[in-house]
Participant: 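This is the structure, below, for whatever I ask next.
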Amino acid sequence: MLMQAARPLGELENPTEFIPRHIGISEADEARMLSVIGEASRRALIEGIVPRSIARASEMKLPPAVGEAAALEELQAIASRNRVLRSFIGQGYHGTHTPKVILRNILENPAWYTAYTPYQAEISQGRMEALVNFQTLVCDLTGMPIANASMLDEATAAAEAMTLARRSVKAKGNTFIVSGECHPQTIEVIHTRAAPLGITVKVIRSSEEWIEAIQGDDYFAALNQYPGTSGWLADWTESAKAIHAKQAAFILAADLLALVLLKTPGEMGADIVVGTTQRFGMPMGAGGPHAAYMACRDEYKRSMPGRLVGVSVDSHGNPAYRLALQTREQHIRREKATSNICTAQVLPAVVASMYAVYHGPQGLRRIAQRVAAYTAVLAAGLEQLGVKRLHDTAFDTLTLDLGSAEAADAVHLRAQAAGMNLRRMHWANGRCVGISLDETSTRADIEALWRVFAAEGQALPGFERFEKGIEPRIPAELRRSSEFLTHPVFNSHHSETGMLRYIRALSDKDLALDRSMIPLGSCTMKLNATSEMIPITWPGFADVHPFAPPEQLAGYAELDRQLRAWLCEATGYAGVSLQPNAGSQGEYAGLLAIKAWHESRGEGHRKVCLIPSSAHGTNPASAQMVGMQVVVTACDEMGNVDLADLEAKCQAHSDKLAAVMITYPSTHGVFETQVKALCEIVHRHGGRVYVDGANMNALVGVAAPGEFGGDVSHLNLHKTFCIPHGGGGPGVGPVCVVEDLVPFLPGHATGGRTGHAVGAVSAAPLGNAAVLPISWMYCRMMGAEGLRQATEVAILSANYISARLRDHYPTLYASGNGHVAHECILDLRPLKETSGVTAEDVAKRLIDYGFHAPTLSFPVAGTLMVEPTESETLEEIDRFIAAMIAIREEIRRVERGEWPQDDNPLKHAPHTAASLMTDGWSHAYPREAGAAVLDERRHAKYWPPVGRVDNVYGDRNLFCSCVPVSAYA
Ligand SMILES: *Cc1c(COP(=O)(O)O)cnc(C)c1O
């Protein structure tokens, strides 16, 4: 036996144990990779890549890294500072039971949460089926013909409905009518969104005022809520008619659970319906993430924001899902896109859809009926106690008029002492108190609520007299008569065994990070460590209402404070807001800050935003939303921003220049050496520099945009800081700014953050609050040293891939010494000429080899952009390289004429198992070649469930609901 010398305790208590778990490359690997690249050390490599002029002056000041157990313990202490009370606040956030089979097998399952947005249709059939279920759920409950695959939250969905209406209606008015029955956070976000577009928002405070307003000629759309924020139920059919007579649009924000029992918005004549699906199984999480929804009339579908999953056919003629109408989106339409939404809320949408699959129409009816019945019982008891109510009708919400603000305050205090939060209504001088019941409400809750309202010595109502049943407070004419969720998928998987297998069957169709590398340039698909994920479902974070009294949210306040301080260190900026719930929303918030700053100096006429042609599509789309005028600047043949052109355009627009938006390192994967000079030019002309921070994975610990001249950046915590992509969301897009822009970060009056120059950009003050613990854990376990190491290894791995593939696929852009940043663009364009093979063919062929394709045709058409990240092992990177080289050999056979250009394994990729098992084999290449099994993968072959999906067919025959079973016959 080998005797070991005693080691100092300090060495054994290694505080950085997580770092080598996160980083996939060992020291021995690193030496091998450096020799391939031809560099002596990682330090030398990085110094040769990161321009000296921008290198960080000092290390980031973060607390020293701790291991997984210690970090979890520390975070638990923070979570415990949130006080979890029973919530009856409502206002768009309700208690819900996440079915445990969904909690564990979707929300906590990497097969679902580590997937990417379903751009590669063939490896995304499982999650797209779930999203089609979501769309069908929304269509059925709202009574509308078409729904998209999720919006960011209810408030931003309402704002998007406003602009969709404006694009779509004939009415020429400039006013948007908003009922005071909408949630206050919705009204607040609408104000923020309307102002830069020059839209006048008219908020209505009474029914009479509403009726008068919709008779007017000055508006293009009107928004109401159903049931109203106070619980009011009304039939909007006559309003819809009046609004249509003015050729304007009627938008209704509606609660999906209420719609189970209510006449549908579609039947009332709504043109657009929005809302949240939170109470379909997603915890409140202090405001998010939840999937909001949008449904609209058929005529609007091509103008609708957000992603839409459609049904098409594959190369064998079988039904197959794909993202439909992509041409509406920002990466194609730029500033003319229908919205800037990129990352949405796919994982929460999948949870909501599965909640409906799990309960089915019968189960949902029971849940809704119980909520409505309990609400009626609660109301009857309160009547007995002599409490005055605002409305006779109700689904789940009662608004009580207590006569004075003092009486209301006293009730809140008594409720809190009994462990319950009621809603503080913002109207009627604080006299009113709101109560919303939900799926989790119990008899004990109702009795406790009665006790809160009973006067000293007053006899309490009892449940006995309601045992035989009670009529819900829903007027007869508003009761739902139409069927919903009749498709078999909502009527089949009601046993837990069935449900478990359905979920598993769908995830088995997909490729996520739990099976293979996802080398997507710009998207940074890195490890989402389990320790980072564990806290998000802790009750201390999950069961908190975003508008609970601030003293109950001390844990979230601490999380917010610490994470913002760390992100300031990482970026070199002075202030951060975590409110934006995707990168696109961070862009929007950042541009709003720039705009508000110019206005504060009397320079509101500065509206020109320069954006290089290589920019991500969300950049111009966001600029358009703040009313800026986009001017495109050129890139030179090296892929860099053409400084001469930029300077000329700054000159030309000098007195109108608001901002320049660049991405750094550039979307071409290169550290441009003149970035400091660029910032100086922009500043000289009075503009501000927006640095898109999606590529922060090449910068953290190495260079900081706030130090080298940036004024504003957004980060994508779902890229650089380990929040998983969830199949297309949730995300978090913090907006970070320099000192003089701090006053212009988003506020949130509804959430108590008053006195800000810029209003709310999200429904909740902390946006997708419940996923912030993921990034907190990452920073806490990595520390400054680990984060810098991650950046350096990400750069090392990208350069290794670029070097290894040089003779097969040249890298398009590199810096002077031939190096790239953290990603590399492989140029496949010449292959078209020599073999007829396109980048798309290679992307599809990679599926046969078991890989998700790199980013296809962004930022350069006909190329693949590869980003390995620091988390991949050398073994996996080499496997990817081997697949790419094997594919290149296949292309060489086509080039040599051994295989025809139209009949080779690339053109027919991906190959399903069924297509390889046909009796006769009629292709010019052998069956074996089609299967593309690299030796070491013989036993772990991924089989795509469908052949190549036909995009054109899908858009020509747009169909976005569950596929009738007969289609599979
Ligand atoms: C991902 C990305 C965005 C958009 O971020 P979302 O979170 O998807 O809205 C913007 N710019 C660049 C360069 C990106 O890669």
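Just so you know, ligand 1 is whichever comes first in the structure, and atom 1 is the first atom listed for that ligand. Values in this document were obtained by computation on a predicted structure and should not be read as measured data.
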Participant: Within 45° of the axis and under 6.0 Å from the centre of the six-membered ring of Tyr588, does NZ or CZ of Arg193 qualify?
Facilitator: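 Checked: cation-pi criterion met.
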
Participant: Report the residues that fulfil side chain to side chain donor-acceptor pair (under 3.5 Å) with Thr618, sequence neighbours left out, ordered by chain and then residue number.
Facilitator: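 Side chain to side chain donor-acceptor pair (under 3.5 Å) list for Thr618, sorted by chain: Glu587, His616.
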
Participant: For this output row, return yes or no: ring centroids of His819 and Phe671 closer than 6.0 angstrom.
Facilitator: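 No; Phe671 has its ring centre 6.0 Å or more from that of His819.
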
Participant: By the salt bridge (charged side-chain N to carboxylate O under 4.0 Å, His left out) test, which pairs, at least two apart or in different chains, include something from residues 696-711?
Facilitator: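 Of all non-adjacent pairs touching residues 696-711, those that pass salt bridge (charged side-chain N to carboxylate O under 4.0 Å, His left out) are Arg688-Asp711.
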
Participant: Present, as a list of atom pairs with distances to 0.1 Å, all nitrogen or oxygen contacts under 3.5 Å between ligand 1 and the protein.
Facilitator:
unit_1	atom_1	unit_2	atom_2	d
ligand 1	5 (O)	Asn716	ND2	3.0
ligand 1	7 (O)	Thr343	OG1	3.3
ligand 1	7 (O)	Gly583	N	2.7
ligand 1	7 (O)	Asn716	ND2	3.2
ligand 1	7 (O)	His718	NE2	2.6
ligand 1	8 (O)	Thr343	N	3.0
ligand 1	8 (O)	Thr343	OG1	2.6
ligand 1	9 (O)	Gly583	N	3.3
ligand 1	9 (O)	Ser584	N	2.8
ligand 1	11 (N)	Asp692	OD1	3.4
ligand 1	11 (N)	Asp692	OD2	2.6
ligand 1	15 (O)	Ser522	O	3.3
ligand 1	15 (O)	Ser522	OG	2.6
ligand 1	15 (O)	Lys719	NZ	2.7

Participant: Using the side-chain hydrogen bond (donor to acceptor under 3.5 Å, both in side chains) rule, collect all pairs that involve residues 858-868, keeping only residues at least two apart or in two chains.
Facilitator: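 Residue pairs passing side-chain hydrogen bond (donor to acceptor under 3.5 Å, both in side chains), neighbours aside: Thr524-Glu867.
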
Participant: Measuring only between side-chain heavy atoms, which start at C-beta, is Val712 closer than 4.5 Å to Val691?
Facilitator: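 No - every pair of side-chain heavy atoms lies 4.5 Å or more apart.
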
